[in-house]
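Just below is one structure, and these are the notes that go with it.
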Amino acid sequence: MKPGSFRPCPLRLLPLMAFLLPTGSLAAQEEPEAPEDREPPPQTFDWYLERGVPSSTPWGQAVDTAYTREILSWTTMPEYTNPVVDHLPAHPTVVSPRDHFGYAIGKPGVLHHVDEIYGYFRDLEASTDRVRFQLLGETEEGNRLALVQVGSQENLARLDEIRAGLNALADPRATSEEEAERIIRDIPPIYTLYAGLHSPETGPPEMVMELAYRLAASDAPMIRTIRDNVVVFIVPVAEPDGRDRVVEWHQRYNADTYRMEDRVSGPPYWGKYIFHDNNRDGLQLSARLTQELVELFLEWKYPVGHDLHESVPYLYVSTGTGPYNATVDPITISEWQWMSNYEVTSLTAQGMPGVWTHGFYSGWYPGYLLWVTNTRNAVGRFYETFGNSFPNTVERTLGERSTSVEWYRPNPPRDTTLWSLRNNTNFMQSGALSALFLVAQNRDMILENYWKKAKNSLNKGRTEPPFAYVIPSDQKRKADVSYMLNLLRRQGIEIHRAVGEGVFDSVQVAAGDFILRMDQPYRNFAFTLMRRQQFPDDAPTPYDDVAWTYPLAFNVEAHGVEEVAIHSELEMEPVRGAVSLPGGVRGRGGEVFLVEPNASAHLMKARLALSGGSVAVVEEELTVDEETTLPPGAWVLEGMDPEAVERWARGQGLTVYRVEEEILEGTATHEMDLPRIALLHTWSRTQDEGWARFTLDQQGVEYDYVGEDRIGRMGRLRDRYDVILFPHQGAGNTARRIFQGLDPEEGPLAYTRTPEYPTHGFPDSTEDMTGGMGFEGLMALRDFVRDGGTLVAVGSAATLPVDFGLVRDVSLREAGNTFIPGSLLKGEVTRTDHPLVYGYGESLPLYHQYGPYFSVAQEEEDGVAVTYASGGELLLSGLARNAGSLAEQPAVYAGRVGEGHVVLYGFDALHRHQSHGNHALVWNALLNWNDLGRE
């Protein structure tokens with residue numbers, strides 16, 4: 001059949017074959033009420049014996065009967081499979097999972113480690129010329145991601161040609177319409193599946209092994225159509241570090257668990273730093289896995305990416321409820337609906353219940369893995385299947401929310417069922433094959449739409465304002481500007497630099513300024529990163545953050561230009577290498593150097609790069625000359641080699657003034673004493689403190705990583721530390737929950753490295769994760785502060801010192817009906833000489849998500865460093881509903897307690913390594929830890 005022409009649906013290709021299933025009923029597996037010590041549910045089933053296992057398929061291929069019996073015996077009900085996946089074709093040479101492991105995929109109680117999964121794919125590659133396997137880059141822990149490529153021998157032999165063709169379609173500037181038409185006729189699309197991003201969602205890495213075999217070995221007409229018309233890429237384990245930890249956790253705690261309520265959740269870590277947020281890293285590209293997968297896309301520029309997840313029953317196919325991100329091409333949004341409705345229809349027609357779309361997720365936030373494709377003119381999709389997390393078959397009970405009949409879920413899941421890993425494999429694999437078959441039948445349209453969307457994006461940049469963003473090079477926060485520009489480039493977005501100068505739409509452009517031209521293929525992505533978000537006030541509750549505006553998040557200047565002439569009249573050149581805006585030293589005389597305060601996110605790195613001499617901080621404004629007055633917070637460097645200071649200033653992007661010592665006479669200063677730091681973490685929430693650790697490590701900050709279980713058993717903390725940093729503990733968390741920690745009834749719960757569990761015990765270990773910090777830990781924190789230490793409590797962690805009375809005259813305010821879901825607000829600096837806001841000026845953007853909200857007694861108001869802006873000035877980007885009560889209320893506070901200090905932030909100032917403009921609020925606390933308030 002001609003590529004791209006109509007092909008019949010898979011049901012026509014699989015007519016009433018021997019694999020058709022008998023009608024089943026829930027009654028066969030429902031059990032009466034039983035005592036708590038009831039027997040575990042069955043792990044194997046015999047409903048299929050009545051029909052038997054045929055020895056061959058209707059198309060004449062032999063059936064692997066042993067494998068097929070295991071598929072069916074591990075499937076709990078006949079309606080949980082279908083004729084596409086209820087058997088496995090045999091092949092005389094291609095290695096099946098059973099050939100490799102000795103059993104089929106979906107065996108109860110069995111999960112595979114990363115090296116076992118890769119080992120299978122290596123054997124599969126060696127057995128067929130329809131599969132290729134290669135390793136990608138390393139994670140933070142040195143484990144490798146991998147890529148599996150599946151297709152016809154002919155298509156795999158010309159992968160270089162396919163890659164070149166897709167890259168050509170992705171850039172209409174370099175490819176004529178005639179050339180695009182030729183490419184579309186000639187090459188197949190690449191469809192990329194990502195498995196195992198969220199480590200406790202254990203099914204996808206198992207399923208893709210069988211899927212790859214089926215695509216390589218089956219002669220079913222449906223599979224041949226896919227193999228000849230699509231190249232399938234599979235990332236089998238997107239988070240290798242976490243996969244092995246989860247497999248070992250199952251072996252350690254859940255191997256003999258057969259009820260969901262008895263399951264031990266865990267482990268406490270997936271990767272070295274990032275937990276569930278590894279699917280929220282697409283904007284900042286911090287994790288190695290995100291970097292690898294973005295680089296994979298930018299190399300191949302495939303038109304479809306599909307992320308496999310587990311959560312809701314039985315199979316959710318992504319479209320989202322809206323509101324959709326307005327910068328996504330309408331073609332992409334239509335493709336979401338087209339593909340998902342096909343999959344829902346296809347599986348429902350095959351008798352599978354609980355396949356649905358629409359009512360989950362929104363489609364607004366662009367930081368998910370699936371948006372690596374959505375933001376770059378391709379299609380990004382995801383599944384949620386009904387995983388148990390651990391591979392044992394258990395009874396699952398659902399409520400009305402999951403079982404009601406809705407327009408988007410006409411055949412809902414059952415309210416009670418036995419659910420197995422094999423059920424999950426059947427649903428996920430069926431959906432994936434359905435999607436692949438649709439793309440194979442419509443390969444030309446997929447590629448043509450890909451070309452059109454790139455062309456649409458390019459044309460919008462040529463015809464719709466803003467036509468460019470100008471990022472001045474002469475900014476205070478040069479290191480932050482450099483970081484933002486380099487991040488844009490890593491995203492695949494083009495940056496130019498002005499050679500000439502001019503004024504466009506009242507925006508002054510100087511030579512050396514940076515220009516983000518919007519007439520480029522990724523214009524839509526650039527626009528969503530640079531614009532201010534306006535989330536609809538009457539929209540459904542958003543699924544995640546609703547604002548991410550780069551210039552606000554980085555606290556740097558960028559000016560939109562609405563005059564198209566900037567494209568043709570401003571002389572500029574493309575930026576082809578990393579951006580590094582240098583600082584420098586001004587002035588020639590004197591032996592003292594003054595560093596202009598700039599509240600950079602890179603302050604800690606700059607301070608730690610200094611060696612020799614002394615560093616002090618000026619506590620007031622300081623006039624350098626007739627033209628220059630430095631705000632409070634300037635650093636004073638003395639006793640340092642001038643050439644070394646010059647190199648340091650250039651490398652750190654800082655402006656330094658060389659002056660005579662007399663200029664400091666009568667000026668209030670304090671020594672900058674580098675603190676000994678502990679980062680305190682709980683065992684119930686390692687998500688946000690992982691981002692804090694990542695941010696500290698990026699700055700080169702040394703610290704001890706201390707678990708809540710140890711903080712009360714370490715003796716006098718003040719003898720060890722000057723600062724204890726307690727990161728955010730999740731939106732809406734409370735002092736009580738933080739204090740209590742994991743329920744001791746679940747303990748003892750060890751997370752230690754042993755020969756049997758070698759990935760456990762990192763990055764921290766404990767013999768018992770339960771019980772929280774206890775009163776001993778709380779008292780240890782109180783004594784630490786009273787003895788002269790500084791406790792820095794970020795976001796919801798601040799509820800602990802407030803509600804447990806470690807700091808007086810501060811209380812928590814009720815949020816009422818205030819609703820601020822991950823937005824950027826305007827903060828106003830109360831006084832520029834407060835050490836926490838050195839270098840910020842009069843205002844700054846604050847990342848904010850659901851508080852906490854403080855009230856500070858009048859006599860302590862001089863400890864408030866930042867308040868929320870009032871009225872219409874509060875919201876900068878996102879949504880702030882019913883937020884009038886926040887006006888002039890405290891956002892950042894430092895108070896004296898005994899001989900020490902407590903610093904409180906009403907938001908996560910280290911949010912996902914994304915709110916760079918807020919980092920200096922924390923750095924200032926660390927660098928001025930013993931000079932934060934009145935004596």
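Side-chain atoms are counted along with the backbone in the values below, which use heavy atoms only and exclude waters and symmetry mates.
- Between Val706 and Ala678 the shortest heavy-atom distance is CG2-CB, 4.1 Å.
- Within the structure, salt bridge (Lys or Arg N to Asp or Glu O under 4.0 Å) pairs that include any residue of residues 742-753 do not occur (at least two apart or interchain).
- Under the salt bridge (Lys or Arg N to Asp or Glu O under 4.0 Å) criterion, Asp673 pairs with no residue, sequence neighbours left out.
- In this structure, Tyr868 has its ring center under 6.0 Å from that of His848.
- Proximity of a side-chain donor or acceptor of Trp683 to a complementary backbone N or O of Pro268 within less than 3.5 Å is not detected.
- Using the six-membered ring where Trp is involved, Tyr850 and Phe819 have ring planes that are tilted, between 30° and 60° apart.
- Exactly one residue among Leu926, Val903, Asn930 makes a side chain to side chain contact (heavy atoms under 4.5 Å, CB included) with Thr790. That residue is Val903.
- Side-chain rings of Tyr543 and Phe360 approach one another, their centers coming within less than 6.0 Å.
- Comment: Glu708 does not engage Arg713 in a salt bridge, judged by the lack of any side-chain N to carboxylate O separation of less than 4.0 angstrom.
- Taking the salt bridge (Lys or Arg N to Asp or Glu O under 4.0 Å) definition, one finds that Arg831 meets it with Asp833, sequence neighbours left out.
- The closest side-chain heavy-atom distance from Val829 to Leu844 is below 4.5 Å.
- Inspection of the Thr770 and Asp768 side chains reveals an N or O donor paired with an N or O acceptor under 3.5 Å.
- Put simply, the residue from Asp545, Leu874, Leu879 that forms a side chain to side chain contact (heavy atoms under 4.5 Å, CB included) with Ser823 is Leu879.
- Closest approach of Glu206 and His112 over heavy atoms only: OE1-ND1, 2.7 Å.
- For the salt bridge (Lys or Arg N to Asp or Glu O under 4.0 Å) condition, the pairs that include at least one residue of residues 778-804, sequence neighbours left out, are Arg716-Asp787.
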Problem set entry | Criterion side-chain contact (heavy atoms from CB on, under 4.5 Å) on Ile724 and Leu717, from CA distance to verdict | CA-CA 9 Å; Ile724 294 177; Leu717 294 175; 4.0 Å; yes
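- Nearest heavy atom pair, residue Trp691 against residue Asp281, reads CH2-OD1, 3.5 Å.
- Side-chain polar atoms of Tyr853 and Glu814 form no donor-acceptor pair below 3.5 angstrom.
- Residues Leu680 and Phe726 approach most closely at O-CD1, 3.4 Å, considering heavy atoms.
- The salt bridge (Lys or Arg N to Asp or Glu O under 4.0 Å) test applied to Arg737 returns no partner, not counting sequence neighbours.
- A tilted orientation is assigned to the rings of His760 and Trp249, their planes being inclined by 30° to 60°.
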For this session: Output, in order, the C-alpha distance, side-chain angles, deciding distance and verdict of side-chain hydrogen bond (donor to acceptor under 3.5 Å, both in side chains) for Asp244 and Thr759.
Result: CA-CA 7 Å; Asp244 282 345; Thr759 68; over 6 Å; no
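- Ring-centre distance between Tyr905 and Tyr893: not below the 6.0 Å cut-off.
- A heavy-atom distance below 4.5 Å is not found between the side chains of Asn733 and Thr799.
- With no hydrogens or angles considered, a side-chain donor-acceptor pair links Asn424 and Glu310 at under 3.5 Å.
- Note that OG1 of Thr202 and CG of Asn388 are 8.0 Å apart. Values are rounded to the nearest 0.5 Å.
- The shortest distance between side-chain heavy atoms of Val922 and Leu910 falls below 4.5 Å.
- Residue Lys272 comes nearest to Asp241 through the heavy atom pair N-OD2, 4.5 Å, listed as atom of the first residue, atom of the second, then distance.
- Aromatic pair Phe386/Trp419: centroids less than 6.0 angstrom apart.
- Looking only at atom types and distance, the side chain of Asp262 has no donor-acceptor partner in the side chain of Thr257 under 3.5 Å away.
- Listed by chain and residue number, Arg685 satisfy the salt bridge (Lys or Arg N to Asp or Glu O under 4.0 Å) test with Asp688 (two or more places apart in sequence, or in another chain).
- The shortest side-chain heavy-atom distance between Leu674 and Leu927 falls under the 4.5 Å cut-off.
- Annotation: side chain of Val892 is not in contact with side chain of Val864 (no heavy-atom distance under 4.5 Å).
- Classification of Asp704 and Arg720 as a salt-bridged pair fails, no side-chain N sitting under 4.0 Å from a carboxylate O.
- By the 30° and 60° cut-offs, the orientation of the rings of His198 relative to His309 is perpendicular.
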For this session: Before giving the answer on side-chain hydrogen bond (donor to acceptor under 3.5 Å, both in side chains), spell out for Ser286 and His913 the whole-Å C-alpha distance, their side-chain angles and the decisive distance to 0.1 Å.
Result: CA-CA 7 Å; Ser286 297; His913 199 62; 4.7 Å; no
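- With hydrogens and angles disregarded, no donor-acceptor distance shorter than 3.5 Å links the side chain of Glu860 to the backbone of Asp809.
- You'll find the side chain of His250 reaches within 4.5 Å of the side chain of Asn392, heavy atoms only.
- One distance of note links CG of Asp277 with CD of Gln914; it measures 9.5 Å at 0.5 Å rounding.
- No side-chain heavy atom of Glu248 sits less than 4.5 Å from a side-chain heavy atom of Arg245.
- Classification of the Tyr365-Tyr368 ring pair by plane angle, with boundaries at 30° and 60°, yields perpendicular.
- Inter-residue side-chain proximity for Asp697 and Tyr273 is flagged as met; some heavy-atom pair is nearer than 4.5 Å.
- Contact check on Arg912 versus Asp544 returns a salt bridge, with a Lys/Arg side-chain nitrogen under 4.0 Å from an Asp/Glu carboxylate oxygen.
- To the nearest 0.5 Å, the span separating OH on Tyr703 from CG on Leu696 amounts to 5.5 Å.
- The ring of His728 has its center no closer than 6.0 angstrom to the ring center of His911.
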For this session: Dump the intermediate steps for side-chain hydrogen bond (donor to acceptor under 3.5 Å, both in side chains) on Gln729 and Ser796, then the final yes or no.
Result: CA-CA 5 Å; Gln729 295 296 301; Ser796 57; over 6 Å; no
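- Proximity of a side-chain donor or acceptor of Asn254 to a complementary backbone N or O of Arg263 within less than 3.5 Å is not detected.
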For this session: For side-chain contact (heavy atoms from CB on, under 4.5 Å), just list the numbers for Val785 and His901, CA-CA rounded to whole Å, side-chain angles, deciding distance to a tenth of an Å, and then say yes or no.
Result: CA-CA 6 Å; Val785 175; His901 298 88; 5.9 Å; no
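- Phe390 and Val394 make their closest contact through CZ-CG1, 3.6 Å (heavy atoms, listed as atom of the first residue, atom of the second, distance).
- A salt bridge is absent between Glu239 and Arg288: the closest approach of a Lys/Arg side-chain nitrogen to an acidic carboxylate oxygen does not fall below 4.0 angstrom.
- The aromatic rings of His602 and His916 sit tilted, their planes meeting at an angle between 30° and 60°.
- Counted by atom type alone, Arg252 and Thr752 present one or more donor-acceptor pairs between their side chains at under 3.5 Å.
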Problem set entry | Full working for side-chain hydrogen bond (donor to acceptor under 3.5 Å, both in side chains) between Glu619 and His670 | CA-CA 7 Å; Glu619 298 177 347; His670 63 257; 2.7 Å; yes
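- Ring geometry, Tyr751 versus Tyr269: the interplanar angle falls from 30° to 60°, so the pair is classed tilted.
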